[in-house]
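Fair warning: this is a prediction, and the values are worked out from it, not measured in the lab.
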Amino acid sequence: MGFKKLLASLGAGGASVETVLTEENVVPGGVVQGEVRIQGGSVDQQIEGLSVGLQARVEVEGTDQETKQDIEFVKVRLGGAFTVQAGAVHVVPFGLEIPWETPVTSIAGQQLRGMNIGVTTELEIARAVDSGDLDPINVHPLPAQQAILDAFIQLGFRFKSADMERGHIRGTRQKLPFYQEIEFFPPQQYRGLNQVEVSFVADDREMDVVLEMDKKPGLFSEGSDSFRAFKVGLNDFHTTDWVAYLNQWLADVGGKRNWL
């Protein structure tokens, strides 16, 4: 947990910095807390600025290929300029609010491969900027999100993969420049279905849930009935039987397309 590296921009005798998180496990809408510890070197040094932020590595679709891009989606400056005395330890505590839209990186204790989200630390020294390594955090689903994920599992769906993509989902409350898709393999009874993709876009009251079917060739024609978006309250989600709700949607679409 945390990282330590010598700041190259400080040169010989320079300070070292370590960022330590109090708790790596968070939920959207929560706070990740920690502290930045700067160990003074052999000489006094002036720090012009110190910032921490949240960063995600997302997929960017190009004309020919898909690339990865690091996007900093939260940044907080921790005070103004200060001096680190030689040999002294300067500790700066911080708290970073986790946006409600932040993708989840762990489901039921299982880390989702490819979900790289963490805390970054940036020091400004003599007009130079030194950025630290990514200090990973584990973002767990909100109870409302977990209820829908659990419903898919109870219906026999198996987790396939997850990714974060740069772009926007039309018609949702999305503010971040990227979104997450969680993909499931269907059980045998849905023989015309290749996979289902789930996206959550939340705020402090409710969330948009976007479901999309990936169809096997020849069994579906393009149509809006393979795509569904609905709103779920973060505090009243338990009033809906999500297993029955999702099963009915799948049955309605499957019946129309004659693949059940």
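- Each of F185 and I107 belongs to its own hydrophobic cluster when Ile, Leu, Val, Met, Phe, Trp and Tyr are linked at side-chain heavy-atom distances under 4.5 angstrom.
- Two residues are said to be in side-chain contact when any heavy atoms from C-beta on lie closer than 4.5 Å; E18 and V36 fail this criterion.
- Criterion: ILVMFWY side-chain heavy atoms under 4.5 Å apart, direct or through other members. Under it, V31 and W100 are not part of a common hydrophobic cluster.
- Atoms CD1 and CD1, on I148 and I153 in that order, are 13.0 Å from each other to the nearest 0.5 Å.
- Between R166 and Q69, the side chains place a donor N or O and an acceptor N or O closer than 3.5 Å (distance only, hydrogens not considered).
- The pair E59-K68 meets the salt-bridge criterion, with a side-chain N (NZ, NE, NH1 or NH2) lying under 4.0 Å from an Asp/Glu carboxylate O.
- The distance from the CH2 atom of W242 to the CD atom of Q154 is 13.5 Å, given to the nearest 0.5 Å.
- For NZ of K160, the number of neighbouring non-hydrogen atoms (other residues, nucleotides, ligands) closer than 6.0 Å is greater than 12.
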* Asked: Taking it one step at a time, do L149 and F200 satisfy side chain to side chain contact (heavy atoms under 4.5 Å, CB included)?
  -> CA-CA 11 Å; L149 296 171; F200 299 116; 4.1 Å; yes
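- Between the side chains of Y179 and Q174, no donor-acceptor pair is found at a separation under 3.5 Å.
- H168 and L176 get closest at one heavy-atom pair: NE2-O, 3.4 Å.
- Ionic pairing of E206 and R173 is present here: one or more N-O contacts between side-chain nitrogen and carboxylate oxygen are shorter than 4.0 angstrom.
- Between the side chains of Q46 and E48, not a single donor N or O lies within less than 3.5 Å of an accepting N or O.
- When all heavy atoms are compared, the tightest approach of D44 to A86 is OD1-N, 2.8 Å.
- The environment of N235 atom CG is sparse: at most 12 non-hydrogen atoms of other residues, nucleotides or ligands sit within 6.0 angstrom.
- In summary, the side chains of Q248 and D252 do present a donor paired with an acceptor at a separation below 3.5 Å, with no hydrogens or angles considered.
- Residue N138 holds its CG atom at 13.0 Å from CE of M115, rounded to the nearest 0.5 Å.
- Surrounding CD of E97 are at most 12 heavy atoms belonging to other residues, nucleotides or ligands under 6.0 Å away.
- Between the side chains of S16 and Q39, no donor-acceptor pair is found at a separation under 3.5 Å.
- The aromatic ring centres of F152 and F159 sit 6.0 Å or more apart.
- Here the side chains of D70 and N116 are not in contact, with every heavy-atom distance at 4.5 Å or above.
- Between H90 and F82, the distance from one ring center to the other falls under 6.0 angstrom.
- Taken together through direct or relayed side-chain contacts under 4.5 Å among Ile, Leu, Val, Met, Phe, Trp and Tyr, V89 and F94 form parts of separate hydrophobic clusters.
- Using a 4.5 Å heavy-atom cutoff, the side chains of V139 and P28 are in contact.
- Side chains of L234 and M207 form a contact here, defined as non-hydrogen atoms less than 4.5 Å apart.
- Residues Y245 and F230 place their aromatic rings such that the two centres sit under 6.0 Å apart.
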* **Residue pair S51, E122: steps toward the side chain to side chain donor-acceptor pair (under 3.5 Å) verdict** => CA-CA 5 Å; S51 300; E122 185 178 278; 4.8 Å; no
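- Residues V76 and V119 fall within the same hydrophobic cluster, defined by Ile, Leu, Val, Met, Phe, Trp and Tyr side chains chained together at heavy-atom separations under 4.5 Å.
- Defined by atom type and a distance below 3.5 Å, a donor-acceptor pair is present between the side-chain atoms of E72 and T120.
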